[in-house]
J.: 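Below: one structure in structure tokens.
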Amino acid sequence: MTRVKPFHTYQVYIGGRWCDAASGDYFESFDPFLGEPWARIPRCDKRDVDAAVAAARDALERGEWATMHPSRRGQLLRRFGDLIQLNADRLAAIEVQDNGKLYAEMRGQLGYIPQWFHYFGGLADKIEGAVLPIDKADMFTYTRHEPVGVVAAITPWNSPLMLATWKIAPALAAGCTIVLKPSEFTSASSLELMRLVEEAGFPAGVLNVVTGFGAEVGEALTTHPGVDKIAFTGGEASGRHIARNAADGFKRMTLELGGKSAQLVFPDADLDNAVKGVVSGIFAATGQTCIAGSRLLVHDSIHDEFLSRFVSLARTAKMGDPMSSDTQIGPITTQPQYQRILSCIEMARAEGAECVLGGNPASRAECGKGWFVEPTVFAKVSNSMRIAQEEVFGPVLSVIPFHDDDEAYAVANDTPYGLAAGVWTNDQCRAFTAAKRLRAGSIWTNTYRAVSYMAPFGGFKNSGIGRESGQEAIHDYLETKCIWMSYGKDVPNPFVMR
Ligand code: NAD
């Protein structure tokens, strides 16, 4: 696969029209493998947010979308999914160029993303209210589920298309309208996706995209009185700030935040599989995933053998151009993140952890001028160290030995986060007990990093609020209304509650 375009200037998509930002300004988006800018992205501000929210509100309350039958909404969603499938190669190449994700991973993601649109398209006309067997005479009482309204969908840089999909599919199925704000580091793929919105036949204003910086356009969006719900994926600090904005405006919100997930390897585990699973948890996507299994908790009786096998495999990982099909570890997506990872590595050394693999910027020829960090493993980590408590969001693993199961669960849960955990064991009792005792939204046993449109995903504790994917997700985009209809002949005593 080759790079898409030498240089490209994007426009934003508001109210069914392509336009420049009101400011007329742009910022550059970088190709992390080349370390060079490859696109110009409009720098939106409050004026663009006002226009996008007005367009979304208009589409919600008037016109075709407002009165569209849910079955037709479902058809449009399924068509959108089909178009993504048809354009998978192009979208994958743009994401690789803008983000540095592996082409192999993006082809897999783009092959799978349509399923979210097919699944939620199928749910669009199955949003059913209920008739209540109400305890009052001569009263007919029923519920309706109505779209929550205009949704501000805000995404991070690490998986722009997948994470936008997790919000767009249920929101549209519910009948909401959306203003999407992708990360300032990786806006291109979300803008490219809008071409397919037009082609699928969604009415103008149903889906809008504004681009720019969190403190400018993100802040304008999350404080806008015309926004009813915020669906946010990103870091803990931004999430906390956005939750305050949501509280001030009584906006509904779902938050998908960070993690410090543990992988627990018990002595009865299949060690070959466990080694591969732990590698996939921390080095796939160059560790830039919220579900990175960044703490390896390994039983002390197998610690040395496991670590030696793990390091041998990790050492062979092929770094380089993410466009090449045989590359296994790509660049870090942003320069600030590259610097943060290197400073976390220094922090771990200063805390006394022992670096047994990597620990440096990668200087291999095949990494060119890209922002690469070697796969890094720290042994002799104690769970109270900052390297074991703070999210690195990069290819850095902390190894912590444990002596018995109780200790393993206690250490795994001893973190402010609760997004995911991996359990490697062949003992069924242990597998069920671990699934119960670990406080995290996803528990993977003898596997890791599996997601599905059918499976709820989200975090305990500081990892977030609410769930995405699965049938329940649609309810986060709905309000429940209760309707009371009296068919009694007389209105009873007006001074007493009925
Ligand atoms: P970030 O919080 O810096 O930015 C995320 C988005 O929020 C960006 O679009 C940014 O512009 C916007 N933003 C920032 N400040 C804002 C503000 N004041 N108002 C409104 N919007 C604002 O996160 P990031 O660095 O892009 O992404 C990495 C983080 O995302 C990691 O912590 C990772 O764990 C988390 N993440 C979580 C999940 C999940 O599903 N739980 C998935 C992927 C990433």
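If you're wondering where the values come from, they're calculated on a predicted model, not measured in any experiment. We count ligands from 1, going down the list as the structure has it; atoms in each ligand are counted the same way.
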J.: Quick one: does NZ or CZ of Arg439 land under 6.0 Å from the six-membered ring centre of Phe460, within 45 degrees of the ring axis?
T.: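 Cation-pi check for Arg439 and Phe460: fails.
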J.: Nearest to atom 35 (C) of ligand 1, what protein heavy atom do you find, and at what distance?
T.: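 Among all protein heavy atoms, the one nearest atom 35 (C) of ligand 1 is Gly234 O, 3.1 Å.
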J.: Distance under 4.0 Å to a non-hydrogen atom of Leu163: what atoms of ligand 1 satisfy this?
T.: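 Reading through ligand 1 atom by atom, the close ones are 42 (C), 43 (C).
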J.: Can you list the atoms of ligand 1 that are under 4.0 Å from a heavy atom of Ile242?
T.: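 Within the 4.0 Å cut-off of Ile242, ligand 1 contributes 19 (N), 20 (C), 21 (N), 22 (C).
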J.: Who's the nearest protein heavy-atom neighbour of atom 22 (C) of ligand 1, and how far?
T.: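 Of the protein heavy atoms, Gly214 CA, 3.5 Å lies nearest.
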J.: In the protein, what heavy atom is nearest to atom 25 (O) of ligand 1, and what distance, to one decimal place, separates them?
T.: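 Atom 25 (O) of ligand 1 sits closest to the protein heavy atom Trp157 NE1, 3.0 Å.
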J.: Run the contact test for Ser183 against ligand 1 with a 4.0 Å cut-off on heavy atoms, strictly below, and give the result.
T.: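 Yes; Ser183 lies near enough to ligand 1 that a heavy-atom distance drops under 4.0 Å.
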J.: Which of the atoms of ligand 1 are close to Asn158, meaning less than 4.0 Å from one of its heavy atoms?
T.: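 Once the distances to Asn158 are compared, the set is 43 (C), 44 (C).
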J.: Show me which atoms of ligand 1 lie under 4.0 Å from any heavy atom of Glu219.
T.: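 In order of number, 17 (C), 18 (N), 19 (N), 20 (C).
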J.: Heavy-atom pairs closer than 4.0 Å: do any link ligand 1 to the side chain of His241, the backbone, both, or neither?
T.: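 The side chain, only.
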J.: Using a strict cut-off of 4.0 Å, indicate which atoms of ligand 1 neighbour a heavy atom of Pro182.
T.: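 Those of ligand 1 that fall under 4.0 Å from Pro182 are 9 (O).
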J.: Name the closest protein heavy atom to atom 42 (C) of ligand 1, giving the residue it belongs to and the distance to 0.1 Å.
T.: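 Answer, as residue, atom name and distance: Cys290 SG, 3.0 Å.
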J.: One residue to check: Ile154. Relative to ligand 1, which of side chain, backbone, both or neither has a non-hydrogen atom less than 4.0 Å away?
T.: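 The side chain, only.
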J.: For ligand 1, is Phe457 a contact, meaning one of its heavy atoms is under 4.0 Å away?
T.: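 Right, Phe457 reaches ligand 1.
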J.: How close does the nearest protein non-hydrogen atom get to atom 2 (O) of ligand 1, and which residue and atom is it?
T.: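 Atom 2 (O) of ligand 1 sits closest to the protein heavy atom Ser238 OG, 2.6 Å.
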J.: Report yes or no: does a heavy atom of Phe232 sit under 4.0 Å from some atom of ligand 1?
T.: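 Contact present.
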J.: Does Glu468 approach ligand 1 within less than 4.0 angstrom via side chain, backbone, both or neither, non-hydrogen atoms only?
T.: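 Within the 4.0 Å criterion, Glu468 makes no contact with ligand 1.
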J.: Report, in ascending order of atom number, the atoms of ligand 1 lying under 4.0 Å from any heavy atom of Gly235.
T.: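 With Gly235 as reference, the close atoms of ligand 1 come out as 1 (P), 2 (O), 23 (O), 29 (C), 30 (O), 32 (O).
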J.: Under 4.0 Å from a heavy atom of Thr233: which atoms of ligand 1 are those, numbered in the order shown and with their elements?
T.: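 Counting from 1, the qualifying ligand atoms are 5 (C), 36 (N), 37 (C), 38 (C), 39 (C), 40 (O), 42 (C), 43 (C), 44 (C).
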J.: When you look for heavy atoms under 4.0 Å from ligand 1, do you find them on the side chain of Leu257, its backbone, both, or neither?
T.: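 Backbone only; the side chain of Leu257 stays clear of ligand 1.
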J.: Run the numbers for me: atoms of ligand 1, each under 4.0 Å from some heavy atom of Pro156, listed by number.
T.: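 This gives 5 (C), 24 (P), 26 (O), 27 (O), 30 (O), 43 (C), 44 (C) as the contact atoms.
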